[in-house]
Amino acid sequence: MASKLEALQRWVNEVVALTRPAHIHWCDGSDAEYRELVQQMLQTGDLIELNQQTHPGCYLHRSNPSDVARVEHLTFVCTKDENDAGPNNHWMAPADAHAKIDELFDGCMEGRTLYVIPYCMGPIESPLARCGVEITDSPYVVANMRTMTRMGAAALARIEREGSFVKGLHSIGELDPERRFIMHFPEELTIKSYGSGYGGNALLGKKCHALRIASWQAKSEGWLAEHMLIVGIENPKGETHYVAAAFPSACGKTNLAMLIPPEGYRQDGWKVWTVGDDICWMRPGADGRLYAINPEAGFFGVAPGTSDSSNPNALASIARDTIFTNVAVTADNQPWWEGLPGTPVTDWQGRPYDPANGPAAHPNSRFTVSAKQCPTWSPKAEDAQGVPLSAIVFGGRRPSLVPLVFEARDWAHGVLVGGAMGSETTAAATGAVGVLRRDSMAMKPFCGYHYGDYFNHWLSFDQPGAKLPKIFHVNWFRKGKDGKFLWPGFGDNLRVLEWMIARVEGKVEGEATPIGTLPAEGELRLDGIDLDSAALNELLDIDQAGWKAELDAIGEYLHSFGSRMPTRLLEEQQRVAKALAAAEPQREAVAS
Ligand code: GTP
Ligand code: SPV
Ligand code: MN
């Protein structure tokens, strides 16, 4: 073995000594290897074959019912100094954390196969890409990592060239929630995850590496690792603007990344290109603009609600060669979830479907599919230099108060807007659903260090000569008095993106308000949708009293991060609060 791989070999040897597997397999990422894994999982019941006529190459995996989402209360950032992890993370001293989890790993792979998965996050030739190696005893994890990352021989070759990689050790253990931890050691570029086989807990290249560890690396190296989709919007002239958007888990990233333009837009020649649906790594280029890559190679998307009307691109992507996790099944063995036509006969736990047991598909059921199968997959997604960003968008589930869209007045205000983000919790993590919480930049569960330092790092990009993207905030989830969403959402979100791009190009004025710039009357293209002027008024309304209370709450939240909170951000909160206090009691309605 070549010298640069010695560190890898040494680590594998250590893990073998600790976990004592019966077999060791180095993954090469080949088709033959994948076929063999699938055959083996069909035999063990880890995978169930779906209807191969309607869904060739598609399989179903049923998780242990106690293991169906990320576990934020069992996820730790283990830095030498507790302050470096910040109040936004659970912390454990590195030595204690290693001791605690190594005890669980002791002998845990007896009788099992240990898989060594070399992977690359980002296009193999990209200077922005980073490599890792995951060791796991789960063939399901291997199969998913093969789709979600550039896994195998090419990644190993890059690791051999560079000599550095993130170490991720994973075992499903007993799948016992009492014996489950997801631990991060950013100073050691190491992850240890025990006791879960699910998504973000187990596919260590995704949230653990590409967000928690990468955000830490990005801070010292001058870039950003973010929980954002990346989408290209091509106008009828053939010009494409790239937009990155941070929405919390299960709040619409995959949907916006794969958006289908409304009828009138399609006729005019608008096109949408998918670059990424969950994670964005970005850094300033030589021209001062921010360039973004998607470190992933596949989609691990929310199944429920994915339909021909909401997201036809996703539906087309998952017609073949897809692993479904925790969905229901129809009488003729097709995958099924709430939002699809037809009826389920078997629920996500394999029981005969009974509505009394709740939804047929688990609300956090998912599909794993190669990004190449997406009809709108952007050719630029493989570009080693990434795509230049015109806009950054923040947004969450806000049933009230927050308007459909507003623009931050500058970068520092944009950092405040992202930092102040709030959203209702969803089924993507265990715990209560529908509870409003602050989720700065949609990174609450994923920022690998102190939020105060993180905001400071964001502010630091505002340098002389920087040509930074404009920052916006959106809310697709505002509800009317009847409890229904006011905005049609999905494809119609392009109407809002078009306005943002018009702002970027300086083609519309907007209307300045204390919280930011909103579309002025007539600036949102609304032909062909059923939206009455009362609904539009409500969507663009600014409730002064409500916003004053919101700014107070934001101030309190920022102060909760103590002395590491940049003064610049506190000043920005004060500026907006003062502007609100000075404003007229009620902003004029803008509807036509
Ligand atoms: P993660 O993969 O967990 O990070 O989620 P995500 O942000 O990619 O969310 P996704 O696009 O899968 O959407 C999650 C849920 O939000 C689905 O049930 C969608 O139907 C719903 N959703 C997405 N976009 C919209 C929208 O514009 N309006 C409304 N009302 N719902 C939406
Ligand atoms: C999320 O929860 O934000 C996801 C799914 O994208 S997971 O991979 O489980 O993190
Ligand atoms: Mn996500």
Side-chain angles (χ1 to χ4, degrees), residues 63 67-72 75 141 144-145 148 182 193 196-212 226-231 245-260 274 276-280 294 296 298-307 309-311 313-315 318 325-326 337-340 359 361-368 393 395-399 404-405 423-431 433 439 442-446 474-480 483-497 539:
S63 303
D67 184 33
V68 292
R70 285 181 294 98
V71 282
E72 296 178 8
T75 299
V141 165
N144 277 272
M145 285 290 284
M148 296 304 297
I182 325 295
S193 166
S196 167
Y198 193 81
N201 300 331
L203 313 176
L204 302 186
K206 198 170 174 57
K207 297 307 185 4
C208 300
H209 176 168
L211 289 179
R212 297 195 192 95
E226 297 298 325
H227 191 203
M228 292 178 176
L229 68 97
I230 310 166
V231 67
F247 308 149
S249 302
C251 291
K253 289 184 299 300
T254 302
N255 276 273
L256 193 70
M258 297 183 188
L259 175 155
I260 303 244
T274 308
D277 83 325
D278 199 50
I279 302 179
C280 165
N294 170 14
E296 300 192 281
F299 308 121
F300 183 64
V302 178
T306 305
S307 72
S309 59
S310 68
N311 192 345
N313 275 323
L315 211 59
I318 59 184
T325 300
N326 300 332
W337 48 82
E338 280 69 18
L340 281 184
H362 189 275
N364 192 37
S365 54
R366 300 254 167 183
F367 52 79
T368 314
V393 182
R397 286 180 187 262
R398 297 294 299 254
L404 178 64
V405 59
S423 195
E424 290 181 332
T425 51
T426 64
T430 56
V433 166
D439 189 351
M443 286 286 277
K444 169 69 186 67
F446 308 119
V474 299
N475 181 19
W476 313 141
F477 299 95
R478 187 142 173 187
K479 288 178 177 169
K484 294 199 178 118
F485 293 121
L486 285 165
W487 177 248
F490 302 99
D492 287 310
N493 293 335
L494 183 59
R495 301 172 189 279
V496 176
L497 290 169
L539 280 165

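Numbering of ligands and ligand atoms starts at 1, following listing order.
- Using modelled atom types, one side-chain atom of Ser310 and one backbone atom of Gly305 make a donor-acceptor pair closer than 3.5 Å.
- A donor and an acceptor atom, one from each side chain of Ser196 and Asp67, are located under 3.5 Å apart.
- Side-chain contact, Arg70 with Ser249: a donor N or O sits under 3.5 Å from an acceptor N or O.
- Among protein heavy atoms, atom 1 (P) of ligand 1 sits closest to Ala250 N, 3.4 Å.
- Panel note: side chain Asp439, backbone Ser423; no donor-acceptor pair is recorded below 3.5 Å.
- Every residue meeting the side-chain contact (heavy atoms from CB on, under 4.5 Å) condition with Leu539, not counting sequence neighbours, appears here in chain and number order: Leu404, Arg478, Leu486, Trp487, Leu531.
- Under the ring-ring contact (aromatic ring centres under 6.0 Å, His included) criterion, Phe300 pairs with Tyr198, sequence neighbours left out.
- Checking Thr368 against Asn144 by side-chain atom types alone, a donor-acceptor pair falls below 3.5 Å.
- Pairing each heavy atom of Asn201 with each of Ser193, the nearest pair is O-OG, 2.6 Å.
- Proximity annotation for atom 16 (O) of ligand 1: of Arg397, Arg366, Met258, Met228, Arg397 comes nearest, heavy atoms only.
- Short contacts between ligand 1 and Phe485, defined as distances under 4.0 Å to a heavy atom of the residue, involve ligand atoms 30 (N).
- Side-chain N or O atoms of Asn326 include none that pairs as donor or acceptor with a backbone N or O of Asn364 at under 3.5 Å.
- For the Mn ion (ligand 3), protein N, O or S atoms closer than 2.8 Å were enumerated as Lys207 NZ, His227 NE2, Asp278 OD1, with waters left out.
- For the pair Lys253 and Phe247, the cation-pi test (distance below 6.0 Å, angle within 45°) is failed.
- Closest to atom 26 (C) of ligand 1, if we only count protein heavy atoms, is Phe490 N, 3.7 Å.
- Taking atom 9 (O) of ligand 1 as the reference point, the nearest protein heavy-atom neighbour is Gly252 N, 2.9 Å.
- Scanning the protein for heavy atoms near atom 4 (O) of ligand 1, the closest one is Lys253 NZ, 2.7 Å.
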Show the short N or O contacts, below 3.5 Å, that ligand 2 makes with protein N or O atoms; if there are none, say 'none'.
unit_1: ligand 2; atom_1: 2 (O); unit_2: Arg70; atom_2: NE; d: 2.9
unit_1: ligand 2; atom_1: 2 (O); unit_2: Arg70; atom_2: NH2; d: 3.1
unit_1: ligand 2; atom_1: 2 (O); unit_2: Ser249; atom_2: OG; d: 3.1
unit_1: ligand 2; atom_1: 3 (O); unit_2: Lys207; atom_2: NZ; d: 2.7
unit_1: ligand 2; atom_1: 3 (O); unit_2: His227; atom_2: NE2; d: 3.3
unit_1: ligand 2; atom_1: 3 (O); unit_2: Ser249; atom_2: OG; d: 2.5
unit_1: ligand 2; atom_1: 6 (O); unit_2: Lys207; atom_2: NZ; d: 2.7
unit_1: ligand 2; atom_1: 6 (O); unit_2: Asp278; atom_2: OD1; d: 3.4
unit_1: ligand 2; atom_1: 6 (O); unit_2: Asp278; atom_2: OD2; d: 3.4
unit_1: ligand 2; atom_1: 8 (O); unit_2: Gly200; atom_2: N; d: 3.2
unit_1: ligand 2; atom_1: 9 (O); unit_2: Gly200; atom_2: N; d: 2.8
unit_1: ligand 2; atom_1: 10 (O); unit_2: Arg70; atom_2: NE; d: 3.2
unit_1: ligand 2; atom_1: 10 (O); unit_2: Lys207; atom_2: NZ; d: 2.9

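- Residue His227 has at least one heavy-atom neighbour below 4.0 Å for each of these atoms of ligand 1: 4 (O).
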